[in-house]
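Okay, structure first, notes after.
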Amino acid sequence: MKLIIFDFDGVLVDTLLIYFSIDAEDQGVSLEEYKSFFKGNIYNAKRSDGRPMNYRPDFFEQYDTKTRELKVPEELKKILAHLSLSYTLTIVSSTSTPSITKILKREGVLTLFKDILGSDLHTSKIK
């Protein structure tokens with residue numbers, strides 16, 4: 001069986017504004033600059049002036065609170081269910097595995113994914 005690897009944020013759910021409100025809004029980073037951080041490893045992102053971001057130690061606690069109403073679109077659920085019949089589905093993400101698991105379980109699609117590899121396992125999606 002072939003494997004399909006998904007990212008989570010921005011692919012299965014739209015969390016950009018949630019991430020921005022927790023991470024960047026109070027650090028003087030514009031939304032456009034913040035979007036550019038996702039072109040590489042968000043954990044290595046540097047501001048346009050070269051300074052690193054100061055990520056909140058309670059980021060995923062804040063994330064879990066703000067994503068309680070987050071939905072996986074119904075059409076996407078149907079596509080994932082269809083794909084899972086022929087492919088092994090996996091997620092590799094910069095979000096923590098427990099946070100992803102909570103959302104997918106609540107949305108009724110957790111069982112479609114064989115593995116969820118979040119930032120708690122490694123901050124590099126490549127590794």
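This structure is a prediction, so every number in the text was calculated from the model and none was measured.
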Do Leu31 and Leu17 pass the side chain to side chain contact (heavy atoms under 4.5 Å, CB included) test, and can you show the C-alpha distance, the side-chain angles, and the key distance before you say yes or no?
CA-CA 8 Å; Leu31 181 58; Leu17 295 179; 4.0 Å; yes
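- In this structure, the side-chain hydrogen bond (donor to acceptor under 3.5 Å, both in side chains) partners of Lys102, at least two apart in sequence or on a different chain, are Asp64.
- The cluster map of Ile, Leu, Val, Met, Phe, Trp and Tyr, joined by side-chain heavy atoms under 4.5 Å apart, puts Val11 and Phe37 in the same cluster.
- Two different hydrophobic clusters hold Leu85 and Leu3 under the rule that ILVMFWY side chains link at heavy-atom gaps under 4.5 Å.
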Chi angles and distances behind the side chain to side chain donor-acceptor pair (under 3.5 Å) call for Tyr63, Thr15
CA-CA 9 Å; Tyr63 179 93; Thr15 56; 4.6 Å; no
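- Atom CD of Glu69 and atom NZ of Lys71 lie 6.0 Å apart (nearest 0.5 Å).
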Side chain to side chain contact (heavy atoms under 4.5 Å, CB included), that's the test. Do Leu104 and Ile116 meet it? Break it down for me.
CA-CA 10 Å; Leu104 295 180; Ile116 300 171; 3.8 Å; yes
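- Note that CZ of Phe20 and CD of Glu33 are 9.5 Å apart. Values are rounded to the nearest 0.5 Å.
- Residue Phe38 is not grouped with residue Val92 when hydrophobic side chains (ILVMFWY) are merged at heavy-atom distances under 4.5 angstrom, including chains of intermediate members.
- Residues Asp120 and Thr97 approach most closely at OD1-N, 2.7 Å, considering heavy atoms.
- One distance of note links OG of Ser99 with CZ of Phe59; it measures 8.5 Å at 0.5 Å rounding.
- With sequence neighbours excluded, no residue satisfies salt bridge (charged side-chain N to carboxylate O under 4.0 Å, His left out) with Lys105.
- Between Ser94 and Phe60, the shortest heavy-atom contact is O-CZ, 3.5 Å.
- The same ILVMFWY cluster, assembled from side-chain heavy atoms under 4.5 Å apart, contains both Ile5 and Leu117.
- Asp9 has its side chain out of reach of Leu16: every pair of non-hydrogen atoms, C-beta onward, lies at least 4.5 Å apart.
- With hydrogens and angles disregarded, no donor-acceptor distance shorter than 3.5 Å links the side chain of Gln62 to the backbone of Ile22.
- Minimum heavy-atom separation, Ser21 to Ile18: OG-O, 2.9 Å.
- Of the possible donor and acceptor atoms, none in the side chain of Ser86 sits under 3.5 Å from a partner among the backbone N and O of His82.
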Intermediate values then yes/no, side chain to side chain contact (heavy atoms under 4.5 Å, CB included), Leu112 and Leu83:
CA-CA 9 Å; Leu112 301 177; Leu83 288 172; over 6 Å; no
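- None of Leu80, Ile100, Thr101, Ile4 except one satisfies the side chain to side chain contact (heavy atoms under 4.5 Å, CB included) rule with Phe113; the exception is Leu80.
- Separating the OG1 atom in Thr67 from the CD1 atom in Ile103 is a distance of 4.0 Å, to the nearest 0.5 Å.
- Closest approach of Glu107 and Val72 over heavy atoms only: OE1-N, 3.1 Å.
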